[in-house]
Trainee: 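Can you keep this structure in mind? I'll have questions shortly.
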Amino acid sequence: MRKPVIIGVGLTPVGEHWRLALRDLAVEALLNAMEDAGVDKVDSLYVGNMASGSFVEQENLGALIADWAGLGNIPAVKVEAACASGGAAVQEGVKAVMSGLEDVVAVVGVEKMTDAWPSDATRYLAYAADAEWELFHGVSFVALNALAMRLYMKEYGYTEEDLALFAVNAHTNGAKNPYAMFKKPITVETVMKSPYVADPLKLFDASPIADGAAAVIITTEEKAKEFVDKAKMVEVAGMGRAIDTINLANRKEFLFLRAAKVAAERAYKMAGIEVKDIDFFEVHDAFTVMAALSLESIGAAERGKGAMLAKEGQIAIDGDYPIQTLGGLKARGHPVGATGVYQTVEAVWQLRGEAPNQVPDAEIGLTQNIGGTGSNITVTILRRV
Amino acid sequence: MGRPMQVARYWRHFKEKYRLIGGKCKSCGHVHFPKRPVCPECGSQEIEEFQFSGKGKVVSWTIVRNPPSGYEYYKPYPIALVELEEGPVVLAQLTDVDPEEIDFGMEVEMVTRKVREFEEDGIILYGYKFRPPIK
Ligand SMILES: [Zn+2]
């Protein structure tokens with residue numbers, strides 16, 4: 001099969017973009033990516049988005065964004081996998097290029113969340129859970145993660161302060177990212193003093209509701225030479241995705257992301273690498289406990305030892321397992337359906353050596369994007385060409 | 001607030017939500033909740049209804065302080081994962097309990113309670129909640 005490479009990236013800052021519409025954000029990121037890649041037309045567009053119908057009463061994003069970006073009569077669709085929509089859209093774009101059907105593909109992830117009232121946004125996010133058997137009982141997405149957080153602390157003997165270290169690391173790194181929503185370092189005390197949203201989960205254990213869009217341009221290694229120098233090429237070396245029960249209560253294990261393990265194993269096999277070969281990890285830290293569970297399920301830490309990596313300082317830029325190098329969901333922000341594409345853009349920066357918070361000599365990076373309460377997960381391996 | 005839930009949508013799950021009836025696989029005997037069309041253990045499609053006792057223990061819990069719209073009236077309220085006597089785990093609100101009393105392994109029993117109201121003239125949804133057993 002053909003080797004897929006990313007040749008251009010574009011994005012908007014993550015934030016509360018009250019003056020911009022969903023289409024404005026998406027088109028800006030998309031056109032930036034096309035400019036970065038030096039392409040003026042693409043064969044198709046994949047849009048990662050979770051809940052535009054609920055948040056801004058707009059579906060059919062393929063047509064909307066391709067139309068407004070002036071891409072002509074190309075095929076364009078929305079890809080939805082809850083908060084993993086962005087990661088899934090990138091993978092669909094890669095598949096289109098690998099198959100030989102399309103040569104130059106654009107992927108944009110976008111979400112406009114701040115047009116909704118906060119309690120409505122909370123409900124729309126819970127649509128990614130099981131509407132009949134979870135949302136029905138008044139559970140929020142945060143509450144589902146709080147159930148896991150309480151169990152994780154009990155099972156492995158961690159404290160709320162221990163988990164807060166993931167938020168501290170994310171904010172430390174996000175402070176260097178001009179596109180991040182929060183650019184201020186925080187301390188464990190900041191997290192501990194923030195109010196409970198769903199005990200024991202506090203406001204600073206959670207990623208913020210935000211607006212944003214990010215985009216990448218994917219083509220084949222052969223075709224890439226027409227547009228950019230080798231230094232700008234990043235190979236999509238491996239990818240995998242898998243689902244688990246949508247309903248947390250139906251899970252066989254509450255503290256292991258089975259879907260992430262399966263997805264990661266597929267990605268490692270395709271890339272021909274092991275977890276020890278990876279130089280940095282952009283994992284889905286929508287909640288601090290999810291950062292710990294993610295590290296464990298993709299094999300970077302043993303079960304119950306994910307939070308230990310944070311305590312030992314190994315998740316920092318100069319540690320053995322740097323994570324959230326540009327702030328992660330927690331500090332960069334989490335415009336849900338766009339997040340997987342932001343992760344991809346940030347990994348590309350690292351591998352091109354262009355990151356404002358550079359992991360020295362990074363050659364291989366991993367992005368892991370979670371939809372639902374661990375119910376729909378993508379893992380993608382990116383490698384310097 | 002969004003549109004009121006349709007009556008038809010709710011009535012599809014009348015038995016499950018009022019009486020805690022789930023599924024039992026005729027092939028391997030696995031019991032599950034809610035009832036599924038395919039057995040999650042063996043893949044059999046021969047599933048019969050199964051009445052749970054309603055007795056269980058708290059596996060984990062949280063207090064919802066920022067609820068989804070439509071549930072503001074009840075906030076803050078406790079939600080738990082409850083492991084039923086017969087094995088499956090269900091998610092539900094806890095009721096008739098002081099949040100300070102909730103603990104791992106606490107015994108609870110199922111009761112039918114109001115879960116949500118849809119504004120004036122809207123329908124009222126009932127369903128299972130769990131409480132410490134009345135001794
Ligand atoms: Zn069976």
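Residue numbers begin at 1 in each chain, while the letters A, B, ... track the order of the sequences. Predicted model, so just to flag it, every value in this text is computed and none were measured.
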Trainee: Give, as side chain, backbone, both or neither, the part of A:L135 having an atom under 4.5 angstrom from any heavy atom of chain B.
Mentor: both

Trainee: B:F33 versus chain A, heavy atoms under 4.5 Å apart: side chain, backbone, both or neither?
Mentor: both

Trainee: Measure B:Y74 against the heavy atoms of chain A and call it side chain, backbone, both or neither at under 4.5 Å.
Mentor: neither

Trainee: Between B:T62, B:V82, B:N66, which has the largest tally of heavy atom pairs under 4.5 Å with chain A?
Mentor: B:T62

Trainee: Are B:V64 and A:V142 close enough that some pair of their side-chain heavy atoms sits under 4.5 Å apart?
Mentor: no

Trainee: For residues 191-204 of chain A, which side-chain N or O atoms pair as donor and acceptor with protein atoms under 3.5 Å away, sequence neighbours left out?
Mentor:
{"residue": "A:K193", "atom": "NZ", "partner": "A:E189", "partner atom": "OE2", "Å": "3.3"}
{"residue": "A:S194", "atom": "OG", "partner": "A:V191", "partner atom": "O", "Å": "2.6"}
{"residue": "A:S194", "atom": "OG", "partner": "A:F204", "partner atom": "N", "Å": "3.2"}
{"residue": "A:Y196", "atom": "OH", "partner": "A:E160", "partner atom": "OE1", "Å": "3.1"}
{"residue": "A:Y196", "atom": "OH", "partner": "A:E160", "partner atom": "OE2", "Å": "3.2"}
{"residue": "A:D199", "atom": "OD1", "partner": "B:R65", "partner atom": "NE", "Å": "2.7"}
{"residue": "A:D199", "atom": "OD1", "partner": "B:R65", "partner atom": "NH2", "Å": "3.4"}
{"residue": "A:D199", "atom": "OD2", "partner": "B:R65", "partner atom": "NH2", "Å": "2.8"}
{"residue": "A:K202", "atom": "NZ", "partner": "A:E160", "partner atom": "OE1", "Å": "2.9"}
{"residue": "A:K202", "atom": "NZ", "partner": "A:P200", "partner atom": "O", "Å": "3.2"}
{"residue": "A:K202", "atom": "NZ", "partner": "A:D205", "partner atom": "OD2", "Å": "2.9"}

Trainee: I'd like to know which of B:P88, B:P34, B:A92, B:P67 tops the heavy-atom pair count under 4.5 Å against chain A.
Mentor: B:P34

Trainee: Which residues in residues 250-258 of chain A have any heavy atom lying under 4.5 Å from a heavy atom of chain B?
Mentor: A:N250, A:K252, A:F254

Trainee: Can you tell me how far apart CG (A:N247) and CZ (B:R36) are? Round to the nearest 0.5 Å.
Mentor: 7.5 Å

Trainee: Considering all heavy atoms of both residues, which atom of A:G138 and which atom of B:P68 are nearest to each other, and what is their separation?
Mentor: O-CD, 3.6 Å

Trainee: With a sphere of 6.0 Å drawn around CD of A:E302, does it hold more than 12 non-hydrogen atoms of other residues, nucleotides or ligands?
Mentor: no

Trainee: At their closest point, which heavy atom of A:F136 faces which heavy atom of B:L125, and how far apart are they?
Mentor: CE1-CD1, 3.6 Å

Trainee: When heavy-atom pairs shorter than 4.5 Å are enumerated against chain A, which of B:V90, B:I63, B:L81 gives the highest number?
Mentor: B:I63

Trainee: Between B:S60 and A:L147 (side chain of the first, backbone of the second, donor and acceptor by atom type, cut-off under 3.5 Å), is there such a pair?
Mentor: yes

Trainee: Taking atom NZ of B:K15 as the centre, report whether more than 12 heavy atoms of other residues, nucleotides or ligands fall under 6.0 Å from it.
Mentor: no

Trainee: Do B:I79 and A:L144 pass the side chain to side chain contact (heavy atoms under 4.5 Å, CB included) test, and can you show the C-alpha distance, the side-chain angles, and the key distance before you say yes or no?
Mentor: CA-CA 9 Å; B:I79 280 198; A:L144 288 166; over 6 Å; no

Trainee: If we ignore angles and hydrogens, is there a donor and acceptor under 3.5 Å between the side chains of A:H137 and B:Y71?
Mentor: no

Trainee: Mind checking whether A:L151 and B:V59 have side chains closer than 4.5 Å, heavy atoms only?
Mentor: yes

Trainee: Is the closest side-chain heavy-atom distance between A:E132 and B:E16 below 4.5 Å?
Mentor: no

Trainee: Should the heavy atoms of other residues, nucleotides or ligands under 6.0 Å from CD of A:E57 be counted, would the total exceed 12?
Mentor: no

Trainee: Could you tell me which of A:E134, A:R150, A:K154 has the largest number of non-hydrogen atom pairs under 4.5 Å with chain B?
Mentor: A:R150

